[in-house]
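Notes for the one structure printed next.
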Amino acid sequence: MITMKFGGTSVGDAQRLCEVAAIVRSHLSRRPVVVASAMSGVTDLLLGTARLALERKKDEGLRNTEELRRKHLEIVMALVEPGDARDRLVREQGELIDKLETLFRGVHLLGELSPRSLDAIASFGELLSCMQIAAILEARGIPARFVDARPLIRTDSSYGEAAVDIAVSNDRIRAALLPLVESGVVPVVTGFVASNAEEITTTLGRSGSDYTASIVGAALGCSEIWIWTDVDGVMTADPRVVEGASPLGEISYREAAEMSYFGAKVIHPKAMQPAIEHGTPIRIKNTFNPSHPGTLISSAGNSSAKIVKNVTSIDKLGLVAVEGSGLMGAPGVIARLFAALARVGVNVMMISQASSEHNVCLIIPEQDCRRAVEELRAELDPELARKAVEAVRVRDSVSIIAVVGEGMRGVPGIAARTFTAAARADINVIAIAQGSSELNISFVVDQSEAHRAVRAIHDAFDLG
Ligand code: ADP
Ligand code: ASP
Ligand code: MG
């Protein structure tokens, strides 16, 4: 058995969907389970329309829902033959969009849009998409069944990016999907969506369908999890930033997790967890170029390959610096900083401490900076009052650049090469961090210089 996940661009138009059907057909002997995303652009459209409803911009909102209706109807008309199945699909999709309009009207009337409502609204993209994929497969003679993942994947109530209860989910996934696969049916499971103990819709976070695929693939004991997307695999850098970026043949789970955590959008960082636990290899493949072998992600990776495999950047971050001579040798200060940030739900992406300068830098998402600084100032109030801490400063619009590769462990000179390349490109390095795992070197630059830094390092390590 294999799990195949198709991302937004892979299900984004009629031609792609024909390719999806062809791919599924050519692997039927491997008993595929399909997981799919919303059509590309649909999740953004749904979340955007919810915000328009909140701002009471009725005409623009109505235009968006009409676009959604048209987009899906066009696909169904093009790919499903006239008949009962098509009529049923058109009716069911129409009912879903009507329901969605009721939700938008609710937001408009109440003037309120909670994270819980956003999840409910966002879930419609995957429901609409997977319903039509199942019908398209059926129309091509491939037995298939639409499966709503909400009753199968149990999460907590952290709307927007809920935490999965793996034990409960595994049992439900097996109970629902194994009988289908055993009877020769291809389940088409909605990515991204889940529900909490009260059966209220939650989501796994943006790009969360990769995570769904990994949960499903691991629960079913699949031999591989294939992530179908629009590039030939995990590349040496974001191909939109570096023209000469090239696909990597094999990487380890740890490398993939590190790359995706630091901005390689091609796979969600959480997708690695279930795969690691069950030792299931993940393969990244291109629906636009299906014969390309893609990237294999496994525990082995490829130790004979280059020392540095990939350079990524992650934008829209802020740097919070806590400065003061009283920080030096004061036990527990870092713990207090982390505890304060945890209280206001702020995730620290990177930390860098220069004890000689009495300075701790925390890199966090830019949108959280205000909240973070307020909480840190409150926490450090006694130290600020007695000048043990001089200031809690913030700098917006910074990026983390990460240089990733397992081969750098124990090899001297990687940091020197990285920073020489940055210096040659006239890039100012604001802060630096390297984990003791020696899997990556990460540093902070002004966002305006991030892409230039990625290109300079990509060149310096001959990654193209
Ligand atoms: P999907 O809709 O299939 O989930 P995504 O847009 O989420 O696709 O991810 C694929 C995109 O990730 C690629 O089109 C590419 O632009 C971007 N990307 C960023 N960094 C990398 C990288 N290192 N390797 C491959 N793709 C990357
Ligand atoms: N449709 C969701 C998103 O756009 C989930 C996904 O595509 O993985 O974020
Ligand atoms: Mg994605």
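In each ligand, atom 1 is the first atom listed, and ligand 1 is the first ligand listed. Heavy atoms only: backbone and side chains are in, while hydrogens, waters and symmetry mates are out. Values in this document were obtained by computation on a predicted structure and should not be read as measured data.
- Those atoms of ligand 1 with a heavy atom of Ala237 less than 4.0 angstrom away are 22 (C), 23 (N).
- Residue Ser209 does not touch ligand 1, judged by heavy-atom distances below 4.0 Å.
- Heavy-atom contacts of Gly233 reach the following atoms of ligand 1: 24 (N), 25 (C) (cutoff under 4.0 Å).
- The protein heavy atom nearest to atom 9 (O) of ligand 2 is Arg206 NE, 2.7 Å.
- Comment: Glu406 engages Arg409 in a salt bridge, judged by a side-chain N to carboxylate O separation of less than 4.0 angstrom.
- Annotation: Thr43 places an N or O atom under 3.5 Å from an N or O atom of ligand 2; distance criterion only.
- The atoms of ligand 2 that sit less than 4.0 Å from any heavy atom of Ser207 are 3 (C), 5 (C), 6 (C), 8 (O), 9 (O).
- Counting protein heavy atoms only, atom 6 (C) of ligand 2 is closest to Ser209 OG, 3.3 Å.
- Between Trp226 and His27, the angle of the ring planes goes over 60°, which puts this pair in the perpendicular group of the 30/60° scheme.
- With respect to atom 24 (N) of ligand 1, the closest heavy atom belonging to the protein is Met235 N, 2.8 Å.
- Ligand-side atoms of ligand 2 in range of Ser37: 6 (C), 7 (O), 8 (O), range being under 4.0 angstrom from any heavy atom.
- From the protein, the heavy atom lying nearest to atom 2 (O) of ligand 1 is Gly8 N, 3.0 Å.
- A donor-acceptor distance shorter than 3.5 angstrom exists from the side chain of Thr212 to the backbone of Phe192, with no hydrogens or angles considered.
- Judged purely by atom type and a 3.5 angstrom limit, Thr236 has no side-chain atom pairing as donor or acceptor with the backbone of Ala245.
- Ligand 1 places these atoms under 4.0 Å from at least one heavy atom of Asp230: 10 (C), 11 (C), 13 (C), 14 (O).
- For atom 18 (N) of ligand 1, the closest non-hydrogen atom of the protein is Asp238 OD1, 3.8 Å.
- With a heavy-atom cut-off of 4.0 Å, Asn310 touches ligand 1 through its side chain alone.
- Judged as a salt bridge (Lys or Arg N to Asp or Glu O under 4.0 Å), not a single pair has a partner in residues 11-34 (not counting sequence neighbours).
- The closest protein non-hydrogen atom to atom 17 (C) of ligand 1 is Arg240 NH2, 3.5 Å.
- Between the side chain of Arg86 and the backbone N or O of Val80, at least one donor-acceptor pair lies under 3.5 Å.
- For the pair Arg395 and Asp446, the salt-bridge criterion is met [side-chain N within less than 4.0 Å of a carboxylate O].
- No donor-acceptor pair closer than 3.5 Å links the side chain of Glu366 to the backbone N or O of Asp396.
- With respect to the salt-bridge test (charged N to carboxylate O, under 4.0 angstrom), the residues Arg69 and Glu101 qualify.
- Under the 4.0 Å criterion applied to side-chain N and carboxylate O atoms, Lys99 and Glu95 are not assigned as salt-bridge partners.
- With a 4.0 Å heavy-atom cut-off, ligand 2 is reached by the side chain of Glu126 but not by its N, CA, C or O.
- With a heavy-atom cut-off of 4.0 Å, Lys5 touches ligand 1 through its side chain alone.
- Using a 4.0 Å cut-off between heavy atoms, Val231 contacts ligand 1 through its side chain alone, with no backbone atom that close.
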